[in-house]
Enquirer: 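Got a structure for you, questions after.
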Amino acid sequence: MAGTGESSRSWERETVPMVMTIVSPMLAQRDVYSLLLVSPWCYRALLSVSTIWEALDLHEMSKAGERLRSALLLGKVFQGLQHLNLNGCQKISDVGIEAITSCCPQLREFYLYWNVRLTNVGITHIVRNCRELRRLNLSGCKNISDHCLHLIGDNYQKLQDLDITRCTKLTDGGLQQILLKCSLLERLNLYALSSLTDAAYKKIACLSHLTFLDLCGAQNLTDEGLSCIAGCKNLASLNLTWCVRVTDTGVVAIAEGCRSLELLSLHGIISVTDACLEALSKFSSNSLMTLDVNGCVGIKKRSREHLLHLFPLLRCFKVHS
């Protein structure tokens, strides 16, 4: 029996860690959490696999706050955390944001979609504790104001991806700070920010690295503002859905300036005509794969067959319903 006991302990000390090292990278993170509780050997083995703790995904999980608190008990393991997804975790407050960011100085990607409890105070904690952020999703965080954009602009000049969808308290002044200071942005999502104007949109031209821009619902965007955006030569994805003041003039400027477009939505813009499609075809026929012109009543030749004639690489004809 003694030999059996020694064999069991040897298995736990040697075999379990080896198995965990091999298997853990292939497991879902929620399964890894469960395995932490199996035994002290299993716990230590999992903690030793640093690669599985570079990302923490709690999006839309029930009791996300409790899970987050449990994760923080892992202590130094999260010193190397680079990716944190708290999308849809609406019960996490500024206090929780302070706790988690103080443990994660190497965080590079932070997703906080639809957290209505987040305020400028929470953003202050983020910029103070996480100096290496490159991607930040604040979509639906309705209680942040221009002050937060000033903080982001002042602290994250290397930011590459920012989503401020439906952050309705933001104004031209706040966005201008981002556009002037975060010149390395590659992705910018301004979906459903209907109060912004050309005063801010013109400054998007400062983003020479921009490849993705979502302006859905930009009701105050004019051809003048769009012509400035055409200076973003690397733009590959542009959503102009319901940008109701745009006409052929603005779209032609985009066609001439952004010659690598892969996705363009003009959904619901009634002032554009077949002329803008002819211009787009001249410059983007070999790149455009998604084009939505549904609801563009001024475009008469918009059958699937005609669009494929102009843009032979088209695979998607509808972005919005």
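For reference, positions follow the sequence shown, starting with 1.
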Enquirer: Run the side-chain contact (heavy atoms from CB on, under 4.5 Å) test on Ser145 and Asn120 for me, step by step, so that the C-alpha distance in whole Å, both residues' side-chain angles and the decisive distance to 0.1 Å come before the verdict.
Expert: CA-CA 7 Å; Ser145 70; Asn120 293 337; 2.7 Å; yes
Enquirer: With no hydrogens and no angle check, is any side-chain donor or acceptor of Arg302 less than 3.5 Å from a backbone partner on Cys296?
Expert: yes
Enquirer: Got a second to check how far Leu261's CG is from Ser284's OG, nearest 0.5 Å?
Expert: 4.5 Å
Enquirer: First locate atom CG of Leu264, then atom OG1 of Thr290, and finally report the distance between them rounded to the nearest 0.5 Å.
Expert: 10.0 Å
Enquirer: Using the side-chain contact (heavy atoms from CB on, under 4.5 Å) definition, which of the options Leu133, Ile144, Ile126, Leu136 pairs with Ile152?
Expert: Leu136
Enquirer: Look at the side-chain heavy atoms of Ile, Leu, Val, Met, Phe, Trp and Tyr, link any pair under 4.5 Å apart, and say whether Leu263 and Leu188 land in one connected group.
Expert: no
Enquirer: If you count the non-hydrogen atoms of other residues, nucleotides and ligands that lie under 6.0 Å from NE2 in His309, is the total more than 12?
Expert: no
Enquirer: Checking Asp214 side chain against Tyr191 main chain: does a donor-acceptor pair fall under 3.5 Å?
Expert: no
Enquirer: Within the distance-only criterion (no hydrogens, no angle test), does the side chain of Ser281 pair as donor or acceptor with the backbone N or O of Leu310 below 3.5 angstrom?
Expert: yes
Enquirer: Is there a donor-acceptor pair under 3.5 Å between the side chain of Asn234 and the backbone N or O of Leu210?
Expert: no
Enquirer: Please collect all ring-ring contact (aromatic ring centres under 6.0 Å, His included) contacts where either partner lies in residues 238-261, sequence neighbours excluded, each pair once.
Expert: Trp242-His267
Enquirer: Keeping the roles fixed (side chain from Asp198, backbone from Thr222), state whether a donor-acceptor pair exists under 3.5 Å.
Expert: yes
Enquirer: Linking I/L/V/M/F/W/Y whenever any side-chain heavy atoms sit under 4.5 Å apart, do Leu179 and Leu159 land together?
Expert: yes
Enquirer: Consider only side-chain heavy atoms of I, L, V, M, F, W and Y, link residues closer than 4.5 Å, and tell whether Leu180 and Ile178 are in one cluster.
Expert: no
Enquirer: Taking Asp292 for the side chain and His320 for the main chain, is one N or O donor matched with an acceptor at less than 3.5 Å?
Expert: yes
Enquirer: Given side chains that start at C-beta, do those of Gln79 and Pro105 come closer than 4.5 Å, heavy atoms only?
Expert: yes
Enquirer: Is there a donor-acceptor pair under 3.5 Å between the side chain of Lys300 and the backbone N or O of Val297?
Expert: yes
Enquirer: Going through the distances and angles, do Phe110 and Thr101 end up as a side-chain contact (heavy atoms from CB on, under 4.5 Å)?
Expert: CA-CA 10 Å; Phe110 202 1; Thr101 55; 3.8 Å; yes
Enquirer: Is there a side-chain hydrogen bond (donor to acceptor under 3.5 Å, both in side chains) between Ser265 and Thr241 once you walk through the steps?
Expert: CA-CA 6 Å; Ser265 177; Thr241 296; 2.6 Å; yes
Enquirer: Does Ile270, at its CD1 atom, have more than 12 non-hydrogen atoms belonging to other residues, nucleotides or ligands within less than 6.0 Å?
Expert: no
